[in-house]
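Notes follow the structure.
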Number of protein chains: 2
Amino acid sequence: MATTTAAQRREQARIEYDAFLKSCPTNQLLDRISDKWVSLVVSALAPGPMRYSDLGRRIAGVSPKMLTQTLRSLERDGLLTRTVTPSVPVRVDYELTALGQNLALLLTAVKDWAETHFDEVHRSRAAYDAGNPDD
Amino acid sequence: MATTTAAQRREQARIEYDAFLKSCPTNQLLDRISDKWVSLVVSALAPGPMRYSDLGRRIAGVSPKMLTQTLRSLERDGLLTRTVTPSVPVRVDYELTALGQNLALLLTAVKDWAETHFDEVHRSRAAYDAGNPDD
DNA sequence: CGGAATCCGAACGGATACTG
DNA sequence: CAGTATCCGTTCGGATTCCG
């Protein structure tokens, strides 16, 4: 019976471990906000409310699918509100909640960091690549 | 010749646009640091240097592949240094650079935010899901 | 110990087309 | 205008195996 014990133990460990990971709130939430589109959307909405197509134009490179998907998840997480105005052409506004504004401060800081230190990173990259040309 | 113009124009626009995106430093770098493993590794290394296997144990859930991959990209970007000590069993230490420490402050703040506000987010999620059970 | 290489399923994400 | 639905290539990332 020793033939299956190792595999079984590993499987068992994997299951328990998986449950542990799913129960770890930080990991979950961190994974959610560590998303490219999340950063961009939240940063874009930081100054004030914006319409769907305005967001699409401002963010540049986002597909309708990703934009909607990101907005939905942010709405679900209570980071922004979605307001539908049933005019002749429908109008939908998105606005950060207090919680969202809170997060925006952090993400904007990260964005600023990226802008500020990009040249350093870029130089470091070039130096690294010069050392390992065949990577 | 109008038959191909539309497609060609779209293709052309896509190429130009792609070049624009690739030339946009912020987007690039933001995408890089908006990574789950990057946050975790940088946070883990914030207090001080750590060995490869210590990182693997501390981060919990990272595969050797992802850990190495993340460490390599961070080293390439000049956010950490890799020091090999050729002992009998090889020993490799990873340590944040000044730039890495700098980023660590921000990412740790984000991590703390996630821990602090998780319950709010979780409640919001439950409420949202209650309203749209068949999503 | 600290990786590198490979395989492979799952998920991400873009393009397109259609709806209300 | 503000999406939704589908297709489909690309990437992510875990498991496994092997090397110095």
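Predicted model, so just to flag it, every value in this text is computed and none were measured. Quick note on labels: first sequence line is chain A, next is B, and so on, each numbered from 1.
- Side-chain atoms of T83(B) and Y94(B), non-hydrogen and from C-beta on, never get closer than 4.5 Å to each other.
- Within the 4.5 Å cutoff, the side chain of W37(A) has heavy atoms near those of the V62(A) side chain.
- When hydrophobic clusters are built by joining Ile, Leu, Val, Met, Phe, Trp and Tyr residues whose side-chain heavy atoms come closer than 4.5 Å, directly or via intermediates, V90(B) is grouped together with L71(B).
- In the helix from dC1(C)-dG20(D) to dG20(C)-dC1(D), the end axes, each obtained as the rotation axis mapping the C1' atoms of four pairs onto the next four within a five-pair block, lie 50° apart to the nearest 10 degrees.
- Distance E75(B) CD to dA4(C) P: 10 Å, rounded to the nearest Å.
- Distance, L55(B) CG to dG2(C) C1': 12 Å, rounded to whole Å.
- Side-chain contact between T85(B) and V92(B) is absent, with no heavy atoms from C-beta onward closer than 4.5 Å.
- Computed from coordinates, the D35(A) CG to dG13(C) C1' distance equals 11 Å when rounded to whole Å.
- Residue M66(B) contributes atom CE, which lies 6 Å from atom P of dG13(D) at whole-angstrom precision.
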- Footprint string (nucleotides 2-7 of chain D, 5' to 3'): B base within contact, S backbone only, - free, heavy atoms under 4.0 Å: SSS--B
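- Side-chain contact between R82(B) and R72(B): present, with at least one pair of heavy atoms (C-beta onward) separated by less than 4.5 Å.
- Computed from coordinates, the R32(A) CZ to dA11(C) P distance equals 14 Å when rounded to whole Å.
- Side-chain contact between S39(B) and V110(B) is absent, with no heavy-atom pair separated by less than 4.5 Å.
- Regarding L40(B), its CG atom lies at a distance of 16 Å from the C1' atom of dC12(D), rounded to whole Å.
- S43(A) and T108(A) get closest at one heavy-atom pair: OG-OG1, 4.0 Å.
- As rounded to whole Å, 16 Å separates atom C1' of dT11(D) from atom CH2 of W37(B).
- Applying the 6.0 Å contact sphere to NE2 of H117(B) captures more than 12 heavy atoms from other residues, nucleotides or ligands.
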